[in-house]
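Heads up, the thing below is written out as C-alpha cells.
Index from 1, following the sequence. Remember, it's 1-based here, ligands and their atoms both numbered in the order they're listed.
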Amino acid sequence: MPTFRTPAWYTLGYSDTGHGPTVLFLHPFPLSGEAWGAQIQALAPEHRVLAVDFPGFGTSGAPPQGLTLASVAANLSRLLRGLGLARVSVVGLSMGGYLALELAAQDPALLERLVLANTRAGADSAEGAAGRERFAQRAEKEGIGWVAAEMLPKLLRRCPEAKVERQVSALIARATPAGVAAAQRAMAGRADHRETLEKLRVPVLVLTGTEDALIPPEESVRMAELLRNGRLEVIPGAGHLSSLEEPELFDRALVSFLTD
Ligand code: MLT
C-alpha cells in the first residue's frame, strides 16, 4: 500500500485502484479504508479510486498529539496534488464526511463532485465534545476491546445482518487505541461547515439511510436544503453504515451521481 509522508510527521496510507476520473473515499470512525471494498469494486472499472486511512487506522501511521481534521484535510490536498491530481470527486461517510467538508472549505478548487453520506455539517455541542473526550480517555486506558459492543448498535440498523455485524466488528478490532482517541478528539474540535455547504457550487449528493441511529436522516435533509446544487437520496432500511448495509443501493446512487 502506498504511503504519503506529511510535513506534520505522520503518514497517510491509502489504496490506489483503477484508472479514470479520480474518486477519493474517506471512511467512517472507527473503521478504515478497507470499509470501501464494495465501492472500490463497483467504481474501479471506470475510475481511479483512492481510499485513505485516517491517522492511527489501517495503513496510516500513528497520529501525532493534537491532530486536527484541518491538518488531515491539508495533507489530503498535498497528497492529491503530489499525485498530479487537480480535481477529484470526494466521498465521505460520517467522520469521512466531516473531513470531506473540511477539505471542501480549505481547497474548493480541488472538488469535482462531493458525496456526503450519513454525516452532518454542524460542529459538536459542548456535551458531545465532552463525551468524545471520555471515549478517548477510555480507549487510551483500556484499549479498544469494548468499542465494538459500544458502537455496533449505533452503526448498524436495528436488526443487522450477521455477516455485516461480523465484518464491522473485524474492522473495528483492527483500530488502534491511539487512532480511536485521536479521531474522537479531532471530531470534537471540528469546525461548523454549514456555510461551506452554502458556498459550494459543485454537484453534491447527500446520502442517508432511514435507520441511521447515530446521525438522524433529518440532518441530511437540512444539509441538502443548504445546497445550491444538491441532491438527497435516502436508502430504505440502511443504518449509519449505509455503504456496508446496503452496498448495492449505495453504489447505484453513487455511480449514477458520478457518471451523470
Ligand atoms: C462515524 O461514524 O464516523 C462517527 O461515529 C461519527 C461521529 O462520531 O460523529
Side-chain angles (χ1 to χ4, degrees), residues 24-36 39 51-58 60 63 67-69 72-73 76 90-103 115-139 144 146-157 160 164-165 167-177 179-194 206-209 211-220 222-223 235 238-247 250:
L24 169 70
F25 280 89
L26 300 171
H27 66 82
F29 172 86
L31 310 184
S32 71
E34 262 192 89
W36 296 114
Q39 288 69 42
V52 177
D53 293 322
F54 195 85
F57 296 85
S60 283
L67 181 72
T68 60
L69 292 190
V72 180
L76 286 174
V90 179
V91 182
L93 193 145
S94 198
M95 176 177 79
Y98 306 156
L99 194 50
L101 280 168
E102 182 59 38
L103 184 60
V115 180
L116 296 169
N118 305 86
T119 195
R120 55 159 58 101
D124 273 5
S125 63
E127 193 191 348
R132 291 196 194 276
E133 181 55 33
R134 284 194 297 277
F135 197 118
Q137 287 183 15
R138 186 170 173 199
I144 54 130
W146 54 279
V147 171
E150 167 97 11
M151 292 218 57
L152 280 174
K154 298 176 191 154
L155 295 176
L156 302 178
R157 60 182 165 220
V164 177
E165 218 169 3
Q167 185 187 7
V168 175
S169 301
L171 286 169
I172 294 177
R174 293 203 274 282
T176 63
V180 163
Q184 283 287 26
R185 291 185 177 125
M187 287 192 280
R190 74 187 190 280
D192 183 329
H193 279 303
R194 282 173 295 186
V206 177
L207 269 175
T208 186
E211 286 204 39
D212 189 335
L214 195 63
I215 301 183
E218 298 76 58
E219 289 278 354
S220 299
R222 276 198 284 276
M223 284 202 302
I235 301 177
H240 186 62
L241 297 182
S242 58
S243 58
L244 287 155
E245 291 201 297
E246 290 294 346
F250 187 97

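Residue Pro28 has at least one heavy-atom neighbour below 4.0 Å for each of these atoms of ligand 1: 2 (O), 3 (O). Applying the 4.0 Å criterion to heavy atoms of Met95 picks out, from ligand 1, the atoms 1 (C), 3 (O). For ligand 1, the atoms lying closer than 4.0 Å to a non-hydrogen atom of Met151 are 5 (O).
A heavy-atom distance below 4.5 Å is not found between the side chains of Ile144 and Thr176. Residues Leu155 and Leu244 fail the side-chain proximity criterion, which asks for heavy atoms closer than 4.5 Å. Arg138 places a side-chain heavy atom less than 4.5 Å from the side chain of Glu150. Side-chain contact between Arg157 and Val164: absent, with no pair of heavy atoms (C-beta onward) separated by less than 4.5 Å.
For Gln184, the closest heavy-atom approach to ligand 1 does not fall below 4.0 Å. Residue contacts with ligand 1: His27 is excluded, as none of its non-hydrogen atoms falls under 4.0 Å.
For ligand 1, one of its N or O atoms has an N or O atom of Tyr98 under 3.5 Å away.
Contacts with ligand 1 closer than 4.0 Å are made by side-chain heavy atoms of His240 only, the backbone lying farther away. Here Leu241 has no heavy atoms under 4.0 Å from ligand 1, in either its backbone or its side chain.
Between Glu219 and Arg120, at least one side-chain nitrogen of the basic residue sits less than 4.0 Å from a carboxylate oxygen of the acidic one, meeting the salt-bridge criterion.
Closest to atom 6 (C) of ligand 1, if we only count protein heavy atoms, is Ser94 OG, 3.0 Å.
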